Amino acid sequence: MSGYANVRRIRGLIEGLDRYTATPGRGTTRLSYSPEYSGARNFVAAEMTAAGLAVREDAVGNIFGRIEGSDPELAPILVGSHLDSVPNGGRFDGPAGVVAGIESAFLFREMALRPERPIEVVALIEEEGARFDGGLLGSRLLTGQLDPALLTELRDEAGISAAEAIAAYGLDPAEAGRAVLAPGSVHAFLELHIEQGPVLEAEGRDIGIVDRIVGLAQLKVTVRGRAGHAGTTPMNLRRDALVGAVAILAQLPDLARAVGADAVLTVGKMEVLPGGTNVIPDLVRFSVDLRAPSEAQLTRLIAMTCDVVEGGSGHGLDCQVEHQLYVPPTPLSPRIGAALTAEAEALGLSHRVMVSGAGHDAMIMAGLAPTGLVFVPSRGGISHAPEEWTDYPQLARGIDVIFSTLRRMAGVSVPEPAGRLQS
Ligand code: GLV
Ligand code: MN
Ligand code: MN
């Protein structure tokens, strides 16, 4: 197997980033603006600098590393992904794409390639929404899809607003509006990501070229009842918010099944207050994550979910839904898909076109610039879990596709592949 990307260096970058976790030994937990995130930011900035990139950070913590073009006036190609993680997640979800950008920069430097068009490696913040509901915060802000004023309203579980977290991280949230990228200011966005599903591994393929990302919505359901004494309140006089919430929740999986085979619905987070063993709960909040391939399916699933929640009101309970995120199904650029496919082909890699069931910064960046997304295989299809794994040579093949496409799109000549340096 020959190729460009350096497996040992890629592994060093992934493992180096993975030191910044709040849960060592129990997966990667790197919430945005946390001490672990600061460590990862410093690591990335140092590696970008070592790769010859000029590093800057915007007001919300998106990191950019630029390779200047011989024509600096041309709109840059952006390449990257996110650095934050879910709680107890894996080391590849997000970092794989950031590392793809940094490794590509190392390759440009080692091969003394000077692109005509600038290239910017990006490490985006708060994609997962593990700290502030909704997620995709960095990319939504960059593309003007999130009003910076909302940074004072979004709150984490401790009640800290995104604006406060940004200030504590050492940035000025009042400047967030300046992070917005003007239409036309980005030539293209490329992202590499692990597949997070079983298809590539099952088919024995190296590369997935994503042509479409499913539609995604997130809701927050609040059920209000009345607190009371667990020992003295007869069953027929209770207004138990948790019993009401569970009755709603129990109906939700069937809604996704009714909408269609590829629709999915997940309740992953629930808060029960006041949270005493001998206290009847008066407030329950839970998240609902809904995804479907077509917009008609997604809107139907959202409407059915809202109906079920509203049907939970009465008998002393009040049930409300808040809409936190809605991203319709997103087609990616056929032109970039063709360019990625041509490079995979030229590298002798097996590939297929596929749909992404996971959300990605790519689906937001696609609103700003033609966007391409490359998948590499995930062992056992597992992701958002500590067991998440991609073999480093497999990641290297994906990075070869990104590097070759960048080189082609940015306008530099094409040397022959060298033997790959193995770890
Ligand atoms: C991101 O990982 C998502 O699909 O929620
Ligand atoms: Mn993820
Ligand atoms: Mn991800």
Side-chain angles (χ1 to χ4, degrees), residues 14 17-18 21 23 27-32 37 40 44 62 79-101 122-140 189-200 208 210 212-220 256 262-269 287-293 298 301 324-330 332 354-366 371-378 381-390 395 398 402:
I14 294 281
L17 268 172
D18 201 42
T21 170
T23 53
T28 307
T29 303
R30 189 164 49 243
L31 300 191
S32 301
Y37 200 95
V44 159
N62 295 313
V79 54
S81 190
H82 61 98
L83 276 187
D84 61 308
S85 80
V86 295
N88 305 93
R91 64 178 60 179
F92 296 94
D93 177 359
V98 176
V99 167
V122 290
L124 299 166
I125 201 156
E126 188 59 2
E127 187 267 356
E128 300 283 7
R131 180 157 184 192
F132 298 104
D133 289 327
L136 300 154
L137 186 117
S139 51
R140 285 198 287 153
F189 178 67
L190 299 182
E191 181 168 6
L192 175 141
H193 207 280
I194 54 166
E195 181 200 335
Q196 309 180 277
V199 174
L200 292 174
V210 176
R212 205 155 42 87
I213 303 179
V214 299
L216 189 166
Q218 288 177 351
L219 309 175
K220 187 191 271 182
D262 292 324
V264 289
L265 182 153
T266 306
V267 174
K269 210 164 140 183
S287 61
V288 188
D289 178 295
L290 316 102
R291 304 176 189 220
L298 183 62
L301 186 53
Q324 297 201 296
L325 182 72
Y326 180 83
V327 188
T330 308
L332 300 183
M354 58 198 300
V355 173
S356 173
H360 297 291
D361 290 306
M363 70 194 185
I364 303 299
M365 298 301 283
T371 289
L373 175 60
V374 171
F375 278 170
V376 290
S378 290
I382 296 169
S383 183
H384 283 186
E387 295 75 28
E388 175 181 284
W389 189 258
T390 297
L395 178 53
I402 291 282

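Read the numbers this way: they start at 1 and go in the same order the structure lists the ligands and their atoms. Here the structure is a predicted model, which means the values were calculated and not measured. Values below: every heavy atom of this structure, side chains too, minus hydrogens, waters and symmetry copies. In this chain, numbering begins with 1 at the start of the sequence shown.
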- Quick one: side-chain hydrogen bond (donor to acceptor under 3.5 Å, both in side chains) partners of Thr29, sequence neighbours excluded? Thr23
- Item | All side-chain hydrogen bond (donor to acceptor under 3.5 Å, both in side chains) counterparts of Ser81, not counting sequence neighbours | Glu191
- Is any side-chain heavy atom of Arg291 closer than 4.5 Å to a side-chain heavy atom of Val264? yes
- For His384, what is the atom name of its N, O or S atom nearest to the Mn ion (ligand 2)? NE2
- Query: Going by distance only, is there an N or O of Gly359 that falls short of 3.5 Å from an N or O of ligand 1?
  - Reply: yes
- Would you check if the side chain of Arg30 reaches a backbone N or O of Leu83 as a donor-acceptor pair within less than 3.5 Å? yes
- Closest to atom 5 (O) of ligand 1 among Arg291, His384, His360, Glu127 (heavy-atom distance): Arg291
- Which pair of heavy atoms, one from Phe189 and one from Ala362, lies closest together, and at what distance? CE2-CA, 3.8 Å
- Near the Mn ion (ligand 3), which protein N/O/S atoms fall under 2.8 Å? His82 NE2, Asp93 OD1, His193 NE2
- Message: Exactly one of Asp361, Leu190, Ile213 should register a side chain to side chain contact (heavy atoms under 4.5 Å, CB included) with Leu373. Which one does?
- Response: Ile213
- Message: Under 4.0 Å from a heavy atom of Ala358: which atoms of ligand 1 are those, numbered in the order shown and with their elements?
- Response: 4 (O)
- Item | Protein residue, atom and distance nearest to atom 1 (C) of ligand 1, heavy-atom basis | Glu128 OE1, 3.4 Å
- Message: Could you check whether Arg131 pairs with Asp84 (Lys NZ or Arg NE/NH1/NH2 to Asp/Glu carboxylate O, under 4.0 Å)?
- Response: no
- Note on the structure: Residues at least two apart in sequence or cross-chain that pass salt bridge (charged side-chain N to carboxylate O under 4.0 Å, His left out) with Arg91, listed by chain then number, are Asp18
